[in-house]
Amino acid sequence: MPRSEFDDIRAAIADETNHAGELLRIASDLLDDLEQVRMREAALRTYYLRLLTAARATAAAVAAGVPEPLVFLRHELAEHGQLPADDESVQRILSDARAAAALLAALDQPTAPKRTGLRLRRCVGSSRTLPR
C-alpha cells in the first residue's frame, strides 16, 4: 500500500462527517490488506527457510566430502524455476552477483565525516576573483 493511501485513510478517519458505515468499510479493507500481507510474509519466510536449509546442507555436504554436494541447492532452485537454463543466463546471474557484492562492499565502507567548519570559495582561472 503506497504512502498516499495511508494518508487518504488517515484523512477519512479524521473526517468528522464520515458515518460509522464508511469507517467500518475502511477497517474491513485494512484487515483484508493485512491478511494478504501476512500470507505473503509467511510464504517468503518459508521460501527463505527452504533456501537457507538447502544452502546449509550443501555446505555440510562439501565439508563431508559428498560427491554431489550441490544436489540440495539444485533441487530447491529447480522447484522454483530458478536454475540457469543456458550460458547466457549463467553469465547474467554471475554478473548480477558480482554487482550485488560490489554494492554491498560499498555500503560497508565507512563514509568520510562531513566537515562542519567554514567553507572556502576557490577561484579557478586567472580572470576570476572572489566577490567581496
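Just so we're clear, the structure is a prediction, and the values are computed from it rather than from any experiment.
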TODO: Answer yes or no: are there more than 12 heavy-atom neighbours, outside Arg40 itself, under 6.0 Å from its atom CZ?
DONE: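 Counting neighbours around CZ of Arg40, 12 or fewer heavy atoms of other residues, nucleotides or ligands fall under 6.0 Å, so no.
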- [ ] With side-chain contact (heavy atoms from CB on, under 4.5 Å) as the test, would you mind laying out the steps for Ile26 and Leu30 before giving the verdict?
- [x] CA-CA 6 Å; Ile26 290 171; Leu30 288 173; 4.1 Å; yes
Kindly indicate whether the side chain of [X], heavy atoms from C-beta on, has any atom under 4.5 Å from the side chain of [Y].
{"X": "Arg25", "Y": "Ser28", "value": "no"}
{"X": "Glu76", "Y": "Gln82", "value": "no"}
{"X": "Leu49", "Y": "Thr53", "value": "yes"}
{"X": "Leu77", "Y": "Leu51", "value": "yes"}

Open item on the list: Are Tyr47 and Leu83 connected into the same hydrophobic cluster when the rule is that any two of I, L, V, M, F, W, Y join if their side-chain heavy atoms are below 4.5 Å apart?
Closed with: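 Yes.
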- [ ] Keeping to residues at least two apart or across chains, list the salt bridge (charged side-chain N to carboxylate O under 4.0 Å, His left out) pairs with something in residues 64-73.
- [x] Glu68-Arg74
Open item on the list: Working to the nearest 0.5 angstrom, can you tell me the gap between Ile93 CD1 and Glu88 CD?
Closed with: 10.5 Å
Task: From CZ (Arg38) to CG (Leu31), nearest 0.5 Å - done: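 The CG atom of Leu31 is 10.5 Å from CZ of Arg38, to the nearest 0.5 Å.
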TODO: Compare every heavy atom of Pro69 with every heavy atom of Thr58, then report the nearest pair and how far apart it is.
DONE: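 Distance-wise, the nearest heavy atoms are CG2-O, 3.3 Å.
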TODO: Please name the pair of heavy atoms, one in Phe72 and one in Ala61, separated by the smallest distance, quoted to 0.1 Å.
DONE: CE1-CB, 3.9 Å
Open item on the list: Restricting to side chain to side chain donor-acceptor pair (under 3.5 Å), what partner residues turn up for Ser89, sequence neighbours left out?
Closed with: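 Residues passing side chain to side chain donor-acceptor pair (under 3.5 Å) with Ser89: Asp86.
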Open item on the list: Glu35: which residues meet the salt bridge (charged side-chain N to carboxylate O under 4.0 Å, His left out) condition with it, sequence neighbours left out?
Closed with: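 Residues passing salt bridge (charged side-chain N to carboxylate O under 4.0 Å, His left out) with Glu35: none at all.
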- [ ] Could you tell me whether Glu41 and Arg45 have a side-chain N and a carboxylate O separated by less than 4.0 Å?
- [x]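 Between Arg45 and Glu41 there is a salt bridge, with a charged N closer than 4.0 Å to a carboxylate O.
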